[in-house]
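To keep things clear, I will list the structure first and then write my remarks on it.
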Amino acid sequence: MHIEIERKFLVSSDAWRPAHGGIRYRQGYLCTDPQRTVRVRVGGGSAILAVKGEGDGLSRPEFEFPIPAADAEELLARCCLQPLVEKYRYRIPYAGLLWEIDEFLGANRGLFLAEIELERVDQPVPLPPWVGAEVTADPRYYNAYLARHPYAEWADHDGGQQPGPLL
């Protein structure tokens, strides 16, 4: 079992953007229960089925299994919640850590999130200048939430990085 330890932040500027493109991902959810999520993700030449358990602060159990691409495509089309969560993911090194910036597409277009995966909960994290408010504890920024409540539908969405309704 792998324990995922992750912090999430809004992105406050375009200063992070590299000259090269990111990797496009499409992901769908078979289960978005707060105690567990089951996700299918296709991108970067792989297809993964992931099961994540209930979180405890910054950490939660995570199990990932490679699956055949054809099976993943069928699951995305026939079994997952719609719309799918689509995004480009960029990997940006900063101060010895590897940040992942997600530029959301489709129904979540306009949302940019920066994530950093840590080795331990108390690990110090030097914040890059393009990182804004921390949203780690805000479930509205979980991909499973975005699958059910796309960013474009948030009541106070004005094209900026505003939090949406907590439902």
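Following chains of ILVMFWY side-chain contacts shorter than 4.5 Å, one cannot reach V42 starting from Y25, and the two form parts of different hydrophobic clusters. Hydrophobic clustering places I3 together with L58 (ILVMFWY residues linked when any side-chain heavy atoms are closer than 4.5 Å, directly or through intermediates). Using a 4.5 Å cut-off between side-chain heavy atoms of Ile, Leu, Val, Met, Phe, Trp and Tyr, with links allowed through other members, L81 and I48 fall into different hydrophobic clusters. The same ILVMFWY cluster, assembled from side-chain heavy atoms under 4.5 Å apart, contains both V121 and I116. Linking ILVMFWY residues whenever their side-chain heavy atoms come closer than 4.5 Å, directly or via other members, places V38 and L84 in the same cluster.
Using a 4.5 Å heavy-atom threshold, the side chains of K87 and Q27 count as touching. Contact of the L113 side chain with the V11 side chain is not registered, since no non-hydrogen atoms from C-beta on lie closer than 4.5 Å. Residues P66 and S46 fail the side-chain proximity criterion, which asks for heavy atoms closer than 4.5 Å. Between Y29 and R148 the shortest side-chain heavy-atom distance does not fall below 4.5 Å. The shortest side-chain heavy-atom distance between E4 and S59 does not fall under the 4.5 Å cut-off. Side-chain contact check for T37 versus L30: every heavy-atom pair is 4.5 Å or farther apart. Between L97 and Q123, the closest side-chain pair of non-hydrogen atoms falls below 4.5 Å. Using a 4.5 Å heavy-atom cutoff, the side chains of Y141 and L146 are not in contact.
D102 places no side-chain N or O within donor-acceptor distance of the main-chain N or O of F104, the cut-off being under 3.5 Å. Judged purely by atom type and a 3.5 angstrom limit, E153 has no side-chain atom pairing as donor or acceptor with the backbone of H149. Judged by distance alone, with hydrogens and angles left aside, the side-chain atoms of S12 form a donor-acceptor pair with the main-chain N or O of W130 at under 3.5 Å.
For the residue pair I5 and E119, the shortest heavy atom distance occurs at CD1-O, 3.7 Å. When all heavy atoms are compared, the tightest approach of C80 to Q82 is O-NE2, 3.3 Å. The shortest non-hydrogen separation linking L76 to G28 is CD2-N, 3.3 Å. Listed here is the closest heavy atom pair of K8 and N143: NZ-ND2, 3.8 Å. Residues A114 and V131 come closest through the heavy atom pair CB-CG2, 4.3 Å.
Annotation: the span from L75 atom CG to L49 atom CG amounts to 7.5 Å, rounded to 0.5 Å. Atom CZ of F112 is separated from atom CD1 of I101 by 10.0 Å, given to the nearest 0.5 angstrom. A distance of 11.5 Å separates CG in L98 from CD in E115, rounded to the nearest 0.5 Å.
Using a cutoff of 4.0 Å between basic side-chain nitrogens and carboxylate oxygens, R17 and E103 are scored as salt-bridged.
Around atom CG of D56, no more than 12 heavy atoms belonging to other residues, nucleotides or ligands sit under 6.0 Å away. Other residues, nucleotides and ligands contribute at most 12 non-hydrogen atoms within 6.0 Å of the CZ atom of R78.
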- Check the pair R24, E86 against salt bridge (charged side-chain N to carboxylate O under 4.0 Å, His left out), reporting the backbone distance first and the verdict last. CA-CA 7 Å; R24 186 174 180 135; E86 300 177 77; 2.8 Å; yes
- Message: With side-chain hydrogen bond (donor to acceptor under 3.5 Å, both in side chains) as the criterion, how do R7 and T136 come out once you've worked through the C-alpha distance, each side chain's angles and the decisive distance to 0.1 Å?
- Response: CA-CA 5 Å; R7 291 176 64 186; T136 302; 4.7 Å; no
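When each of Y94, W16, F9 is paired with W99, the ring pair (Phe, Tyr, Trp, His ring centres under 6.0 Å) condition holds for F9 and for no other. Each of R41, K52, R39 was evaluated against E64; a single residue qualifies, R39, per the salt bridge (Lys or Arg N to Asp or Glu O under 4.0 Å) test.
Ring geometry for Y88 against Y90 counts as tilted: the plane angle lies between 30° and 60°, on a 0 to 90° scale.
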